[in-house]
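Contents: one structure, followed by commentary.
A, B, ... follow the sequence lines: proteins, then strands. Residue 1 opens every chain.
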Number of protein chains: 2
Amino acid sequence: MTRVIGLALGNELCHHQDMITMSEVARRAGVARSTVSHVLSARHGGNVRIPEATRQRVLQAARELGYRPNALARSVRTGKSRMIGYLVDDPRYEPYWNTIIGALGEAEREGFTLKLLSVTDETLEQRIEQCIELRLSGLIVRVSQDKRPLFEEADRAGIPVVTVDESDPQPFGLRVAADDALGIREALAHLAGLGHHRIAFISSGFHRQRDPQRTPPREAMFRAEMAARGLDVPEGRVTYETMLVYGREAGIGLGASTVLAATDALLEHPDGRPTAIFCWRDETALVALRACRLQGLRVPEDISVVGFSDIIAARLSDPPLTTCQSPWEEMGRTAMRRLIHAQGEEFNPSPRAILIPSGLAVRQSSGPNPE
Amino acid sequence: MTRVIGLALGNELCHHQDMITMSEVARRAGVARSTVSHVLSARHGGNVRIPEATRQRVLQAARELGYRPNALARSVRTGKSRMIGYLVDDPRYEPYWNTIIGALGEAEREGFTLKLLSVTDETLEQRIEQCIELRLSGLIVRVSQDKRPLFEEADRAGIPVVTVDESDPQPFGLRVAADDALGIREALAHLAGLGHHRIAFISSGFHRQRDPQRTPPREAMFRAEMAARGLDVPEGRVTYETMLVYGREAGIGLGASTVLAATDALLEHPDGRPTAIFCWRDETALVALRACRLQGLRVPEDISVVGFSDIIAARLSDPPLTTCQSPWEEMGRTAMRRLIHAQGEEFNPSPRAILIPSGLAVRQSSGPNPE
DNA sequence: CTGAAAGCGCTTACAG
DNA sequence: CTGAAAGCGCTTACAG
């Protein structure tokens, strides 16, 4: 009724509540609701064949009325929402962002839809419940806390989960990660090829805060690769930093940054100044680059600096930063693809991890060993 | 039935299809479905008061069964999806990303959920239909094409729309944008305070490609502010660039970049080299900074460089970039807040635009006029 | 206070 | 080929 009035007065008064329903299309076309459903969902699989004339009548009625199927109702009925949830705890971090973009593109290609959910330590549980209540068809997760409860809950609800950029093996779901070791190997090969052997590393102080017993993953790979090349990593040639890049407490300024100290400590190493500094992330490398210049060193003439991630800032810096490239978007695409292909069947991925090769972007912050 | 088997064999076999339903909770608690609904939706507004004992019985049954309400079914019933759609055509662009993050945070605070949709010239129409079919409760749009069809469609479906970072006034919905003029005014006050008067501008070649008749918005503001300060902008002191920053064809390298040419042209201006270069975006400013150095100029000792946006790279550059700060996250929050507050009523915002003040982050790329 | 009933908009066997 | 019926999981007047 309201709709009729709305139409009479013009489109301005047509509200959400007034959406055309399938029954109205059926009435207009003079057929049953089920026929409309058949025509519009175009399921040519079933042995339902609607004569062209009827089909056209339905289509036209739908067009004339401006009918828009209610995807929600369809989901309730079919039990498939075709929505994938993406849980992130640090959406501001550019690499995670890129991963989301990859996942989004793939979802849209496949007619799925992406729901973005941010997570903090306090809200993880609540978000998972929300995902279950929304009957999501899958979950991509990039969260740095214990994910066991997540997996258990999601598993109970039959929601497949894939984690992204998680370095630890996990006993559930699927893990899609970059093979950081590859990029690190390439970077060291690059530096060694330039004649460097005193290569220092600035590592993540965050990983250490979380678990002091364990070597941060990229640092471990660095050490392993150095060892494989027969290069020494004496005490003190690895330092740590905990610079906050995003949000209110961001401490990028050199004054507040712990990168300055981490770099200075390397430059003053008793066994001699390193000729190259490799950093666990680009943000660190860029500030380290500044720190080197403050000490009067030219990059790359006097010292080489290499980062990890290939964020936009790496390309925009002066000189542009040589850095390891993780395939962020590809990780997102892969995660999404796997989730979509798992629809309708038990999610028992094998293998339980997909490692996507990382590479190296050689730019101008690395040069020959000056010695 | 399946569920019973599932339970018998352990959680591994519990599938999505086996989600507990409200009827089962009712059966277990020995009450009617409607009672369960009343208890769980906790609508204390209606004059429905369930005795504590019954309430507890229902709650316990729900807990024991691991009941999770089906948000989709609820949405179908109530007609409110509490999902907001976010349409972006360039999600890789850091500022847009930040706007999304602001919107996401606000949505979650209010118990709404965010659906991300990317848009190209070809897919806009299709995406809008999708939004309508999903019965979204609102739409935030950051798209640089003609949005009239979008507004018409959404309006017909009763979906409120707010655009974000759109400089042109529009006859529909709400527009949330940054007041770029404020930041530009502050930047010029800052530069003038440092004694600069030969101030150049590198403007957007993209805007010009789209509409050659019109001065790009920030350039127009720059010219207006310069005029207001009585400062001359002779022919040739504004140049244009079209550097692609994102995606496959990104041409950030100085060789491929048009920023190099735009900067060089300014440095060779017949009326004398500018002592400050103001750029329409940070990416441009960072490359211009490199271009200046390539010409043997020191920043900020010989020449000042100022950007616009305050992307992460601006803080990480050497020297850190002085730049106008648009309130990206706040724009997202505001857009989302307005959408949420418009729920249930006609969306007839007044005024039709909200401008959020931009500011200036003074860093080390700007210094006193050396002359 | 509680429950039986109608209904949201759709899909899907199942008869005709 | 087409339609009447049952049902997805929920909410919401409306009686009792």
Side-chain angles (χ1 to χ4, degrees), chain A residues 2-3 15-27 29-58 61-62 65-82 132-135 157, chain B residues 2-3 15-27 29-58 61-62 65-82 132-135 157:
Chain A
T2 323
R3 178 163 24 76
H15 304 342
H16 205 144
Q17 311 84 283
D18 304 309
M19 292 295 294
I20 303 298
T21 187
M22 194 174 252
S23 307
E24 306 182 60
V25 176
R27 195 180 317 139
V31 297
R33 236 157 79 227
S34 39
T35 306
V36 176
S37 178
H38 283 138
V39 169
L40 294 180
S41 59
R43 296 181 310 102
H44 295 133
N47 37 15
V48 195
R49 199 146 283 285
I50 308 286
E52 193 54 26
T54 313
R55 224 178 76 81
Q56 288 305 335
R57 209 144 29 91
V58 169
L65 291 170
Y67 172 71
R68 293 274 172 265
N70 184 330
L72 259 29
R74 175 179 295 162
S75 292
V76 170
R77 191 55 248 258
T78 61
K80 328 252 89 206
S81 68
R82 297 179 73 85
I132 296 178
E133 298 186 356
L134 287 164
R135 300 300 190 263
Chain B
T2 322
R3 177 164 24 77
H15 304 341
H16 205 144
Q17 310 86 284
D18 303 311
M19 293 294 295
I20 304 296
T21 187
M22 194 174 252
S23 307
E24 307 181 60
V25 176
R27 196 181 316 139
V31 297
R33 236 155 82 226
S34 40
T35 307
V36 176
S37 178
H38 283 139
V39 169
L40 294 180
S41 59
R43 297 183 310 103
H44 295 133
N47 37 16
V48 195
R49 199 146 284 285
I50 309 286
E52 193 54 25
T54 312
R55 226 178 74 81
Q56 287 306 335
R57 208 141 34 88
V58 170
L65 292 170
Y67 172 72
R68 294 274 172 267
N70 184 331
L72 258 29
R74 175 179 296 163
S75 290
V76 169
R77 191 57 247 259
T78 60
K80 326 253 91 206
S81 68
R82 298 179 73 85
I132 296 179
E133 298 186 356
L134 288 164
R135 300 299 190 263

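Using a 4.0 Å heavy-atom distance criterion, S23(A) is classed as making no nucleic acid contact. Counting any heavy atom pair closer than 4.0 Å across all strands shown, T54(A) reaches sugar-phosphate atoms only and no base atom.
As rounded to whole Å, 17 Å separates atom P of dG9(D) from atom CG of N70(A). Distance R74(A) CZ to dG9(D) P: 18 Å, rounded to the nearest Å. When rounded to the nearest whole Å, the span between CD of E52(A) and C1' of dT2(D) equals 16 Å. Here the C1' atom of nucleotide dG9(C) and the CD atom of E133(B) are 13 Å apart, to the nearest Å. The nearest whole Å value for the distance from the CZ atom in R57(B) to the P atom in dC1(C) is 15 Å. Rounded to whole angstrom, the span from the CG atom of L40(A) across to the C1' atom of dT2(D) amounts to 15 Å. As a whole-Å value, the separation of L72(A) CG from dC8(D) P is 18 Å. One interatomic measurement links the two molecules: CG of L134(A) to P of dC8(D), which rounds to 21 Å at whole-angstrom precision.
Residues L72(B) and S81(A) are in side-chain contact: their nearest non-hydrogen atoms beyond the backbone lie under 4.5 Å apart. Contact of the R135(A) side chain with the S75(A) side chain is not registered, since no non-hydrogen atoms from C-beta on lie closer than 4.5 Å.
Donor-acceptor pairing under 3.5 Å, judged by distance alone, is present between the side chain of S34(B) and the base of dG3(C).
Closest approach to the P51(A) side chain among dG7(C), dT2(D), dC1(C) is made by dT2(D) (side chain taken as heavy atoms from C-beta onward). In the set dG3(C), dT12(C), dC8(D), the nucleotide with an atom closest to the side chain of V76(A) is dC8(D). Nearest to the side chain of T78(B), among dA13(C), dT11(C), dT12(D), sits dT12(D). Comparing dG9(C), dT11(D), dG3(D) against the side chain of V31(A) picks out dG3(D) as the nearest. When distances are taken from the side chain of T35(B) to each of dG3(D), dT12(D), dT2(C), the shortest belongs to dT2(C). Taking the side chain of R77(B) as heavy atoms from C-beta on, and the options dG3(D), dA6(C), dG9(C), the nearest nucleotide is dA6(C).
We find that R55(B) and E52(B) are joined by a salt bridge, their nearest charged nitrogen and carboxylate oxygen being less than 4.0 Å apart.
Panel note: side chain Q56(B), backbone A53(B); no donor-acceptor pair is recorded below 3.5 Å.
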Quiz item: Given the rule in the side chain to side chain contact (heavy atoms under 4.5 Å, CB included) test, do V39(A) and T54(A) qualify, once you have shown the distances and angles that lead to the verdict?
Solution: CA-CA 9 Å; V39(A) 169; T54(A) 313; 5.6 Å; no
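Under the Watson-Crick or G-U wobble criterion, with both distances below 3.5 Å, dG16(C) is paired with dC1(D).
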